[in-house]
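Position 1 is the first residue of the sequence, and the numbers go up from there. Just follow the structure's listing: the first ligand is 1, and inside any ligand the first atom is 1.
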Amino acid sequence: MHNDPLHTALAVATEAGAVLLQHLALPREIAEKSQRADLVTDADRASERLIVERLKSAYPAATILAEESGELAGSAHERWIVDPLDGTTNFAHGYPLFCISIAYEAGGELVAGVVHAPAMGETFAALRGEGATCNGKPIAVSAIARLADALTCTGFRPADYDRNGRAFEAVSRRAQGVRRDGSAALDLAYVACGRFDGFWELDLRPWDVAAGTLLVREAGGIVTQTDGSDARLDAGSILATNGRLHEELRAALG
Ligand code: 2AM
Ligand code: CA
């Protein structure tokens with residue numbers, strides 16, 4: 001794969017991953033975000049500061065949408081979408097499933113995406129029309145065709161249990177397993193490489209899903225909203241599967 005935005009995203013994510021690992025080794029300071037019961041750590045801020053600085057200098061005209069800074073307006077044509085630390089709760093507890101998610105859009109289309117999980121030593125990358133990789137090796141979604149044989153994953157905040165509880169129960173009764181791993185971007189990367197056969201979540205933001213959406217599509221999977229309608233980065237809900245499982249999982253969500 002040779003493409004500038006992808007190489008930029010890979011280099012920046014790798015650098016930010018080292019920052020996260022440095023912070024992981026320190027005694028952790030955990031603050032509550034004011035509006036939501038959402039952990040934000042020094043690590044989120046340090047990672048985002050580095051990523052935004054690097055992207056601004058490499059792509060001075062581009063818009064940057066980043067979780068902690070919001071939108072730094074620039075060109076309407078080019079946009080970076082950044083989660084400097086996805087899986088903050090995991091990170092705060094030293095659970096290694098956390099990542100950096102960086103996506104690049106041109107003309108409103110996802111072109112490049114990187115999900116880098118530094119504590120796992122894995123970097124997932126996708127380039128529109130060129131496929132997806134993990135640590136440079138091509139990846140593909142699984143071939144599991146029935147929910148009964150599927151390992152699925154979901155996510156929800158404690159306050160959202162009522163909204164997701166019914167779907168969680170329905171799928172738990174029918175699938176081989178349901179995990180709740182706590183990092184939507186990484187969950188999508190795991191669908192892309194066939195570890196999970198399907199993933200759904202109700203209330204996500206563009207930075208949680210942008211890179212992962214491209215990874216799943218480029219690995220041969222399907223991404224929609226949970227009701228089966230067309231995916232949109234600002235839709236909130238997402239259903240990502242290997243394709244074969246899509247309709248059965250969608251129906252099971254109720
Ligand atoms: P974050 O770690 O970047 O906040 C897990 O369900 C997904 O929801 C994660 O991708 C997480 O992203 C996001 N999320 C946002 N707010 C959350 C919260 N208060 N608790 C748990 N996850 C949250
Ligand atoms: Ca985050």
Whether over 12 other heavy atoms sit under 6.0 Å from R166 CZ: no
Ligand-side contact atoms (ligand 1) for residue partner A184, heavy atom cut-off under 4.0 Å: 9 (C), 10 (O)
Numbering as shown, the atoms of ligand 1 that approach F156 to under 4.0 Å (heavy-atom distance): 6 (O)
N, O or S atom of P84 closer to the Ca ion (ligand 2) than 3.0 Å: no
By ring pair (Phe, Tyr, Trp, His ring centres under 6.0 Å) - contacts of Y59 (at least two apart): W80, Y104
Test item: side-chain donor near acceptor, S69 and E48, under 3.5 Å: yes
Residue part near ligand 1, for N90, under 4.0 Å between non-hydrogen atoms: neither
The Ca ion (ligand 2) - name of the N/O/S atom of D83 that sits closest to it: OD1
Aromatic ring pairing F196/Y190, orientation class (parallel under 30°, perpendicular over 60°, tilted between): tilted
Check: G182 N/O within less than 3.5 Å of ligand 1 N/O: no
Name, closest N/O/S atom of E67 to the Ca ion (ligand 2): OE1
Geometric N/O contact P158 with ligand 1, under 3.5 angstrom: no
Those residues that, when tested against F124, pass ring pair (Phe, Tyr, Trp, His ring centres under 6.0 Å) (two or more places apart): none
Ligand-side contact atoms (ligand 1) for residue partner D83, heavy atom cut-off under 4.0 Å: 3 (O)
Side chains of I238 and V223 in contact at under 4.5 Å (non-hydrogen atoms): yes
Ligand 1 contacted by D187 (non-hydrogen, < 4.0 Å): no
Contact with ligand 1 for L85, non-hydrogen, under 4.0 angstrom: yes
Test item: side-chain donor near acceptor, N164 and W200, under 3.5 Å: yes
Over 12 foreign heavy atoms within 6.0 Å of CG, N135: yes
Part of W207 with heavy atoms under 4.0 Å of ligand 1, whether side chain, backbone, both or neither: neither
Donor on one side chain, acceptor on other, S101 and D86, under 3.5 Å: no
Identity of the nearest option to atom 8 (O) of ligand 1, non-hydrogen atoms only, from E201, E68, R180, E67: E201
Within-4.5 Å side-chain heavy-atom neighbours: D160 and D203: yes
Residue portion contacting ligand 1 (non-hydrogen atoms closer than 4.0 Å) for T88: both
Nitrogen or oxygen of D86 less than 3.5 angstrom from that of ligand 1: yes
